[in-house]
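Counting starts at 1 for both ligands and their atoms, following the listed order. For the numbers below, each heavy atom of this structure counts, side chains included, while hydrogens, waters and symmetry mates do not.
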Amino acid sequence: MKYEKFGDNIYVMIDELFYDVVVGAIELPTKLIMIDTGMNLRKIKEFREKVEEVTKKKFETVFLTHFHGDHVIGNQHFSDCDIFASKWTVDRLNIGFPKWTDEVIEEQKKRIDDPLALEGLELTPANKSFEGQMELVDGDVKVIVKQTGGHTKGSSYIYCPNYKVLFAGDNLFIDSYHWGGEETCDPDKWIDTLKEYLSLDVDYFVPGHGPVSNKEPLKYILAYFELVKSTMLKMASAGKSEEEILKKCYNLDFYPINEEEKGDVEMKELTLKKMYIWVNEK
Ligand SMILES: [Zn+2]
């Protein structure tokens, strides 16, 4: 677990035991806000305690970037806060959490290399929602939360122009291949979202997975998305088969994946397949 500080007000924790999933906090003039709550109950509790101790402030608000388990499992340690997510995400959590049977939780435990990560889990949904966009103002500092879609229909970013930081959730995977096989994933919205990020005044992009970065990796990722899309369109109009198109796209140069890991190969294949379906529906 890596704990890092950026600028004067940004705290980030990266969990290398679970695909480098990222959570973070912003210190506002009078209070703290949390972005996502991760997959490791023990570590998220420690993170909260540590940031509250260092800043001598309390967490009052949580923003969830999207509904996937690795970003919301730690909610129970913020049940005294307003936990916001886009309306779509709140609805999905309310539908999804009852499906987390003991069996599912045991399965999830196997995915994390920390036996205590899910000990004492109490699934805690969001308790506040917004539609489209919302703002939180504390003194002269503003935080903008906006639903863009992309990785999931409810995916949202959290942007603080004062501190030039943007938390992207899983619309940004840095240094690893992104998961885009979710049923409501919209590759066009994802491309638009990456362009929107690049148009904003940001020094610190906090991804859903991977290291905090400047704009450079975003340009690389956007170029890849656009290359995949144009390759698919070009090959489809030249009458190439789905198999040929997916093979060609699989071999395009991008963040390498671990070919030994069946799960990683499947993730990339399903992500490309989702893009292929999308392109063909257009
Ligand atoms: Zn996700």
Student: Quick one: ring pair (Phe, Tyr, Trp, His ring centres under 6.0 Å) partners of Trp88, sequence neighbours excluded?
Tutor: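 Partners of Trp88 under the ring pair (Phe, Tyr, Trp, His ring centres under 6.0 Å) test: Phe67.
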Student: Looking at residues at least two apart in the chain, or sitting in another chain, which of them share a side chain to side chain donor-acceptor pair (under 3.5 Å) with Tyr220?
Tutor: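 With sequence neighbours excluded, Tyr220 shows a side chain to side chain donor-acceptor pair (under 3.5 Å) to no residue whatsoever.
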Student: Determine whether the side chains of Thr37 and Asn75 contain a donor N or O and an acceptor N or O closer than 3.5 Å.
Tutor: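 Yes, Asn75 and Thr37 have a side-chain donor paired with an acceptor closer than 3.5 Å.
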Student: Starting from the Zn ion (ligand 1), look over the N/O/S atoms of Asp170 and name the nearest one.
Tutor: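 It is OD2 of Asp170.
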Student: Which of the N/O/S atoms in His68 sits closest to the Zn ion (ligand 1)?
Tutor: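 Looking only at N, O and S atoms of His68, the one nearest the Zn ion (ligand 1) is named ND1.
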Student: To the closest 0.5 Å, what do you measure between CG (Leu172) and CZ (Phe205)?
Tutor: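 Rounded to the nearest 0.5 Å, the CG-CZ separation comes to 7.5 Å.
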Student: Of the backbone and side-chain N, O or S atoms of His71, does one lie nearer to the Zn ion (ligand 1) than 2.8 Å?
Tutor: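 Looking at His71, which is the residue asked about, there is no N, O or S atom under 2.8 Å from the Zn ion (ligand 1).
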